[in-house]
Amino acid sequence: MSSDTVVKVENLSHQYGAGAGTFAALDAVDVQLEAGQVTALLGPNGAGKTTLIKLLLGLLPLQQGNISVLGCAPGSDRARQRTGVMLQASGVQDNLTVLELLRLFAVLYRHSQDIVALLQRLDLAALAEKRFQTLSGGQQQRVLLAIALCGDPQLLILDEPSTGMDPAARRSFWQVLRECRDQGRAILLCTHYMDEAEQLADNVLVMEQGRVLMHASAAAIRQRVPSQLIKLSTSLGDEHINRLQGVQSVMAVNGRMHIYCHRAENVLRELLAADPGASELEVGGADLETAFLALTKKPDNHLEQAA
Ligand code: ATP
């Protein structure tokens, strides 16, 4: 474990239920989070992301495997003092003002930040005297980030933090996260927004059915899955298209087929031979979302860790 390693997870498994109703939510997961890096945690619903986060925070008991947070057990006093958290169901006393809330949380930490400076940095100074319940969804999210930062955390765990923000608010939120990263904090960012992962992530952790499908840089994921996206109108069904060599996945979107593949020219040759009447053709490079979909759509797309 290097001195920059903030979180180390080894061989982590977690089951819910008991007896015949046992369900494996995590299965032999290995993860490492480094100081000064944003790791985006991606995966379809039920992949195990929240279970992993809860275990990192000590909110679930450790059943199998090892977790070290800043060299300590998850949930220990030292780990909690240096961890900032924004969960989906963050409940705060919503009749308090923004300033009151931050003062309230700051006293819980030994290394609390200067609250006034924090409010200014997060563009919240003008809202300091407003009650939390009167703020818009995006403003509330920014206050919750301020609360997560008020203990000057070395580790920041953010579960879908930009939900409810308008595009301008999201961009300024991303800027704050970049500053946090540049200050040397390790950030775990659970998001369903691919553009968010693409904008911010140094590493991407893709989970599915309790397992880590891939942990790599965003660039490496694109390289390992050199996906291209073909869009076209065709009389061919998705089952037929899926059988063509090089096709990773197929989706019908607004009356056209979206075909994710490795080499568009090879697929197109076969497609046009099978359906010469295909029309409205578009071919483009893939973004992270495409690569991610391709990774999770087909079970036979076996990819090893590349980090
Ligand atoms: P989402 O994107 O929908 O938030 P997730 O990746 O966070 O999903 P988890 O919430 O970790 O997924 O759930 C992983 C699996 O464990 C799911 O199949 C879920 O139904 C199951 N699960 C989660 N919590 C419990 C629980 N308390 N009891 C039983 N099963 C649970």
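In each ligand, atom 1 is the first atom listed, and ligand 1 is the first ligand listed. Scope of the values below: all heavy atoms of this structure, side chains included, with no hydrogens, waters or symmetry mates. For clarity, every value in this text was computed on a predicted model and none was experimentally measured.
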- Query: Short N/O distance, under 3.5 Å, between G43 and ligand 1?
  - Reply: no

- Query: What about the rings of Y16 and H14, do their centers lie closer together than 6.0 Å?
  - Reply: yes

- For atom 23 (C) of ligand 1, the protein heavy atom that lies nearest, with its residue and separation: Y16 CE1, 3.4 Å

- Touching ligand 1 at all, G48? Heavy atoms, strictly under 4.0 Å? yes

- Task: Starting from atom 15 (C) of ligand 1, locate the nearest protein heavy atom and write down its residue, its atom name and how far away it is, to 0.1 Å.
- Result: F23 CE2, 3.5 Å

- Task: For A47, take its heavy atoms, then give the atoms of ligand 1 lying under 4.0 Å from any of them.
- Result: 5 (P), 6 (O), 12 (O)

- Under the 4.0 Å line, does any protein heavy atom show up next to atom 19 (C) of ligand 1? no

- Item | Chi angles and distances behind the salt bridge (charged side-chain N to carboxylate O under 4.0 Å, His left out) call for K49, D159 | CA-CA 9 Å; K49 306 181 296 292; D159 195 358; over 6 Å; no

- Query: Quick one: OG1 on T134 to CD on Q139, what's the gap to the nearest 0.5 Å?
  - Reply: 8.0 Å

- Message: Looking only at protein heavy atoms, which one is nearest to atom 2 (O) of ligand 1, and what is the separation?
- Response: K49 NZ, 2.7 Å

- Which ligand 1 atoms does A25 reach within 4.0 Å, using its non-hydrogen atoms? 16 (O)

- Message: Please evaluate residues T234 and D275 with respect to the criterion side-chain hydrogen bond (donor to acceptor under 3.5 Å, both in side chains), reporting the C-alpha separation (whole Å), side-chain torsions for both, the decisive distance (0.1 Å), and the verdict.
- Response: CA-CA 7 Å; T234 173; D275 178 15; 2.6 Å; yes

- Note on the structure: Partner of L155 under side chain to side chain contact (heavy atoms under 4.5 Å, CB included), picked from V69, L57, L56, is V69

- Item | Numbered atoms and elements of ligand 1 in range of N45, under 4.0 angstrom, heavy atoms | 1 (P), 2 (O), 3 (O), 8 (O)

- Could you tell me whether T50 and ligand 1 have an N or O pair separated by under 3.5 Å? yes

- Item | Atoms in ligand 1 with a heavy atom of H192 nearer than 4.0 Å | 2 (O)

- From CA spacing to verdict: side-chain hydrogen bond (donor to acceptor under 3.5 Å, both in side chains), N266, Q245: CA-CA 8 Å; N266 295 352; Q245 195 159 6; over 6 Å; no

- Are the charged groups of E179 and R121 less than 4.0 angstrom apart, N to O? yes

- Query: What residue among L189, L145, I157 forms side chain to side chain contact (heavy atoms under 4.5 Å, CB included) with M86?
  - Reply: L145

- Query: Are any of the N/O atoms in G46 less than 3.5 Å from those in ligand 1?
  - Reply: yes

- Among protein heavy atoms, which lies nearest atom 13 (O) of ligand 1, and at what distance? T51 OG1, 3.9 Å

- So, R142 side chain and A169 main chain: donor-acceptor pair closer than 3.5 Å or not? no

